[in-house]
Amino acid sequence: MAHSGVVPAGKRKEIYKYIAPWPLYSMNWSVRPDKRFRLALGSFVEEYNNKVQIVSLDEDSSEFTAKSTFDHPYPTTKIMWIPDSKGIFPDLLATSGDYLRVWRAGEPDTRLECVLNNNKNSDFCAPLTSFDWNEVDPNLVGTSSIDTTCTIWGLETGQVINRVSLVSGHVKTQLIAHDKEVYDIAFSRAGGGRDMFASVGADGSVRMFDLRHLEHSTIIYEDPAHTPLLRLAWNKQDPNYLATIAMDACEVIILDVRVPCTPVARLNNHRACVNGIAWAPHSSCHICTAGDDHQALIWDIQQMPRAIEDPILAYTAAEGEVNQIQWGATQPDWIAICYNKSLEILRV
């Protein structure tokens with residue numbers, strides 16, 4: 001794999017590290033072509049006041065610096081930059097927690113553009129566990145909630161030149177997705193990439209939906225013991241495959257939507273529970289997993305359905321349990337992980 005130089009050849013490092021002022025949980029790579037080594041980080045402090053920080057790697061000094069830090073109520077359950085690889089939309093990022101918030105990145109001032117709340121008639125809000133921003137149509141965002149629903153939002157990003165464009169959003173559709181809490185949602189690239197999405201939840205099932213036919217869903221998988229499923233990730237190149245992890249499980253389950261209900265592979269080299277999964281942006285057969293055993297593992301699943309015994313690459317972050325892993329969508333050579341207060345990016 002050809003490497004694009006971060007620093008001049010000869011001084012090139014394989015790992016860059018940033019230590020935040022607080023424990024980290026959520027983290028995401030920026031997608032814009034002009035902001036290569038930029039990530040957003042969310043604090044995990046067990047109180048109302050939390051923070052989001054935007055950091056960027058200075059390719060000359062090889063150091064991460066904080067470009068913007070802003071307050072966030074409660075820890076963010078997920079952070080995601082607008083999937084705008086051409087850089088034509090405003091420079092937005094979204095966070096989920098008590099609500100979905102959309103922010104406009106700035107240095108040093110990142111400002112809140114809108115708060116999306118569909119419980120208009122009540123003081124109670126059901127926290128959002130996760131969300132996904134549609135790559136084909138960045139005006140679509142899907143959220144998952146503990147109230148058993150998924151909501152698809154339409155965003156108006158006001159593509160107006162020479163005038164301040166405001167961002168706003170409205171509910172396109174809300175559906176009861178599971179019998180219990182919904183923990184994750186992800187759009188699929190299948191069928192044009194706009195209308196299909198899947199969700200996982202506390203009922204132990206993976207369900208697939210089509211925005212054009214919401215009257216029925218497809219159950220792709222059900223955990224035999226009805227263990228809650230916490231995470232879900234679609235293969236970035238082949239929409240037939242997705243990965244999921246169950247609560248407190250040391251393995252990752254790979255599913256093929258063409259063969260529902262039977263895992264096509266199980267990745268089980270982690271020695272403690274798995275917290276994160278990230279498919280390679282540029283390859284259909286590579287996936288990265290991370291867990292409480294301080295490890296990030298990269299797997300080649302090419303020989304499925306034959307059993308996959310061992311990862312092809314293992315990285316041990318000795319100092320802590322890895323709670324987050326992200327593979328840069330526009331930086332396929334780089335994986336980011338979080339543990340304790342540390343962010344590391346690793347060249348793979």
**Q** Taking side chain to side chain donor-acceptor pair (under 3.5 Å) as the criterion, tell me which of T95, T76, T77 meets it with S26.
**A**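 Running side chain to side chain donor-acceptor pair (under 3.5 Å) over T95, T76, T77 with S26 returns exactly one hit, T76.
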**Q** Determine yes or no for a side-chain-to-main-chain donor-acceptor pair under 3.5 angstrom, with E113 supplying the side chain and V167 the backbone.
**A**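 Answer holds: yes.
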**Q** Got a donor-acceptor contact below 3.5 angstrom from the N235 side chain to the Y241 backbone?
**A**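 It does not hold such a pair.
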**Q** Run the side chain to side chain donor-acceptor pair (under 3.5 Å) test on Y339 and E319 for me, step by step, so that the C-alpha distance in whole Å, both residues' side-chain angles and the decisive distance to 0.1 Å come before the verdict.
**A** CA-CA 8 Å; Y339 58 90; E319 296 97 25; 2.8 Å; yes
**Q** Output yes when R38 and D34 qualify as a salt bridge under the 4.0 Å nitrogen-oxygen rule, no when they do not.
**A**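 The answer is no: the pair does not qualify as a salt bridge.
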**Q** Indicate if I152 and F209 have the same hydrophobic cluster label, given that clusters are the connected sets of ILVMFWY residues with side-chain heavy-atom separations under 4.5 angstrom.
**A**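 Shared cluster, yes.
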**Q** To the nearest 0.5 Å, what is the distance between OG1 (T65) and CD (Q53)?
**A**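 Interatomic distance, T65 OG1 to Q53 CD, rounded to 0.5 Å: 9.5 Å.
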**Q** Take R194 and D210 through the salt bridge (Lys or Arg N to Asp or Glu O under 4.0 Å) test and state the conclusion after the steps.
**A** CA-CA 9 Å; R194 199 178 169 280; D210 186 330; over 6 Å; no
**Q** Going by heavy atoms in the side chains, are V141 and N134 under 4.5 Å from each other?
**A**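 Not touching, per the 4.5 Å side-chain cut-off.
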**Q** Show, in sequence, the C-alpha distance, side-chain angles and deciding distance for H282 and W327, and conclude whether the side chain to side chain contact (heavy atoms under 4.5 Å, CB included) test is met.
**A** CA-CA 10 Å; H282 59 308; W327 203 320; 3.9 Å; yes
**Q** Would the number of heavy atoms belonging to other residues, nucleotides or ligands and lying under 6.0 Å from NZ of K17 be above 12?
**A**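 More than 12 heavy atoms, drawn from other residues, nucleotides or ligands, come within 6.0 Å of this atom.
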**Q** Could you tell me which non-hydrogen atom of A265 sits nearest to which non-hydrogen atom of M304, and how far apart they are?
**A**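 Of all heavy-atom pairs spanning A265 and M304, the closest is CB-SD, 3.6 Å.
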**Q** Would the number of heavy atoms belonging to other residues, nucleotides or ligands and lying under 6.0 Å from OH of Y74 be above 12?
**A**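 For Y74, atom OH is not crowded (no more than 12 foreign heavy atoms under 6.0 Å).
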**Q** To the nearest 0.5 Å, what is the distance between OH (Y18) and SG (C338)?
**A**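 Interatomic distance, Y18 OH to C338 SG, rounded to 0.5 Å: 11.0 Å.
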**Q** State whether R104 and D91 are salt-bridged, where the test is any N-O pair (Lys NZ or Arg NE/NH1/NH2 against Asp/Glu carboxylate O) under 4.0 Å.
**A**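 Looking at R104 and D91, the cut-off is not met.
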**Q** Compute whether any side-chain donor of one residue and acceptor of the other, for T149 and D147, lie under 3.5 angstrom apart.
**A**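 Yes.
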**Q** Got a second to check how far S168's OG is from L155's CG, nearest 0.5 Å?
**A**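 Between atom OG of S168 and atom CG of L155 there are 8.0 Å.
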**Q** Testing the basics here: between F44 and P75, what is the closest heavy-atom pair and its distance to 0.1 Å?
**A**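 In this case the closest contact between F44 and P75 is CD1-CB, 3.8 Å.
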**Q** Out of curiosity, does L230 fall in the hydrophobic cluster containing I253 (side-chain heavy atoms, cut-off under 4.5 Å, transitive links)?
**A**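 Unlinked, I253 and L230 end up in two clusters.
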**Q** Applying a strict under-4.5 Å side-chain criterion to I, L, V, M, F, W and Y, I'd like to know whether I220 and I245 cluster together.
**A**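 No; I245 is not reachable from I220 via cluster members.
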**Q** Side-chain heavy atoms nearer than 4.5 Å, only ILVMFWY residues, links allowed to pass through others: does that put V55 and V31 together?
**A**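 No.
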**Q** More than 12 non-hydrogen atoms from neighbouring residues, nucleotides or ligands closer than 6.0 Å to CZ on R258, yes or no?
**A**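 Yes, enclosed.
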**Q** Would you check if the distance from the ring center of F70 to the ring center of W103 is below 6.0 Å?
**A**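 Yes, ring centres under 6.0 Å apart.
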**Q** Would a distance-only check, ignoring hydrogens and angles, find a side-chain to backbone donor-acceptor pair under 3.5 Å from D195 to G192?
**A**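 Looks like no, no N/O pair under 3.5 Å.
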**Q** With no hydrogens and no angle check, just 3.5 Å: does a side-chain donor-acceptor pair link D184 and S144?
**A**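 No, S144 and D184 have no side-chain donor paired with an acceptor closer than 3.5 Å.
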**Q** Hey, which of L297, I254, D300, I308 is the one that makes side-chain contact (heavy atoms from CB on, under 4.5 Å) with I287?
**A**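 In the set L297, I254, D300, I308, the residue that makes a side-chain contact (heavy atoms from CB on, under 4.5 Å) with I287 is I254.
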**Q** Checking H270 against D293: is there a side-chain donor and acceptor pair closer than 3.5 Å?
**A**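 Yes, H270 and D293 have a side-chain donor paired with an acceptor closer than 3.5 Å.
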**Q** Would you mind telling me which of L229, D223, I219 makes a side-chain contact (heavy atoms from CB on, under 4.5 Å) with V206?
**A**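 Of L229, D223, I219, side-chain contact (heavy atoms from CB on, under 4.5 Å) with V206 is met by L229 alone.
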**Q** If we ignore hydrogens and angles and just use 3.5 Å, is the side chain of S205 paired with the main-chain N or O of R207 as donor and acceptor?
**A**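 No; zero donor-acceptor contacts below 3.5 Å.
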**Q** Taking all non-hydrogen atoms of both residues, which atom of A290 and which atom of V322 are closest, and how far apart?
**A**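 Of all heavy-atom pairs spanning A290 and V322, the closest is CB-CG1, 3.5 Å.
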**Q** Nearest 0.5 angstrom please: S145 OG to L100 CG, how far?
**A**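 With rounding to 0.5 Å, OG (S145) is 11.5 Å from CG (L100).
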**Q** Regarding Y315 and E14, is there a side-chain donor-to-acceptor distance under 3.5 Å anywhere?
**A**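 No, no side-chain donor-acceptor contact under 3.5 Å.
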**Q** Please check if the number of heavy atoms outside L214 that lie under 6.0 Å from its CG is greater than 12.
**A**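 Buried by this count: over 12 neighbours within 6.0 Å.
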**Q** Given 3.5 Å as the limit, does a donor-acceptor pair link the side chain of Q237 with the main chain of P281, or not?
**A**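 It does hold such a pair.
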**Q** Taking atom OG of S284 and atom CD1 of I301, what is their separation to the nearest 0.5 Å?
**A**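 One gets 7.0 Å once the value is rounded to the nearest 0.5 Å.
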**Q** Around E46, counting heavy atoms of other residues, nucleotides and ligands shown, do more than 12 lie under 6.0 Å from its CD?
**A**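 Atom CD in E46 is not packed in, count stays at 12 or less.
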**Q** Looking at F89 versus W81, is the centre-to-centre ring distance below 6.0 Å?
**A**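 Ring-ring flag for F89/W81: false, centres at least 6.0 Å apart.
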**Q** Please work out which of the three classes, parallel, tilted or perpendicular, describes the rings of Y16 and W334, given edges at 30° and 60°.
**A**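 Correct class here is tilted.
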**Q** Distance only, no hydrogens: is a donor on one side chain within 3.5 Å (strictly under) of an acceptor on the other, for Q302 and H286?
**A**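 No.
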**Q** Taking the side chain from W234 and the backbone from A186, do they hold a donor-acceptor pair closer than 3.5 Å?
**A**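 It does hold such a pair.
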**Q** On a heavy-atom basis, which atom in N340 and which in G320 lie closest, and how many Å separate them?
**A**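 Closest heavy-atom pair between N340 and G320: ND2-CA, 3.8 Å.
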**Q** Picking from V264, D256, V259, what satisfies side-chain contact (heavy atoms from CB on, under 4.5 Å) with N240?
**A**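 Exactly one candidate clears the test, D256.
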**Q** Does the side chain to side chain donor-acceptor pair (under 3.5 Å) test come out yes or no for N269 and D310, once each step is laid out?
**A** CA-CA 7 Å; N269 269 49; D310 293 301; 3.1 Å; yes
**Q** Closer than 4.0 angstrom, basic N to acidic O: yes or no for E59 and R36?
**A**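 A salt bridge links E59 with R36.
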**Q** Is there a donor-acceptor contact under 3.5 Å from the side chain of T244 to the main chain of R231?
**A**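 Answer holds: yes.
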**Q** Can any side-chain N or O of D132 pair as donor or acceptor with the backbone N or O of G142 at less than 3.5 Å?
**A**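 Flag not set: sc D132 to bb G142 has no pair under 3.5 Å.
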**Q** Can you check whether D84 reaches P138 side chain to side chain, under 4.5 Å on heavy atoms?
**A**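 Side-chain contact under 4.5 Å: no.
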**Q** Look at the side-chain heavy atoms of Ile, Leu, Val, Met, Phe, Trp and Tyr, link any pair under 4.5 Å apart, and say whether I79 and I54 land in one connected group.
**A**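 Per the 4.5 Å side-chain linkage, I79 and I54 are co-clustered.
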**Q** Could you tell me whether the side chain of N275 and the main chain of Q324 form a donor-acceptor pair under 3.5 Å?
**A**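 Not a single qualifying donor-acceptor pair exists.
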**Q** When you look at H178 and S199, which way does the side chain to side chain contact (heavy atoms under 4.5 Å, CB included) test go after all the steps?
**A** CA-CA 8 Å; H178 288 260; S199 60; 2.7 Å; yes
**Q** What heavy-atom pair brings P263 and R266 nearest, and what distance separates the two atoms?
**A**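 Closest approach of P263 to R266: CG-NH2, 3.5 Å.
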**Q** Quick one, L39 with F64, criterion side chain to side chain contact (heavy atoms under 4.5 Å, CB included). Give me CA distance, side-chain angles, the key distance, then yes/no.
**A** CA-CA 10 Å; L39 299 100; F64 271 108; 3.8 Å; yes
**Q** Is there a side chain to side chain contact (heavy atoms under 4.5 Å, CB included) between N139 and W133? Walk through the geometry before answering.
**A** CA-CA 8 Å; N139 294 309; W133 208 323; over 6 Å; no
**Q** Just by modelled atom types, is the T330 backbone N or O under 3.5 Å from a matching donor or acceptor in the W29 side chain?
**A**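 No.
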**Q** Which pair of non-hydrogen atoms, one from T110 and one from S68, has the smallest distance, and what is that distance?
**A**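 Heavy-atom minimum between the residues: OG1-OG, 2.8 Å.
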**Q** Which distance, rounded to the nearest 0.5 Å, do you find between the OG of S130 and the CG of L128?
**A**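 That separation rounds to 9.0 Å.
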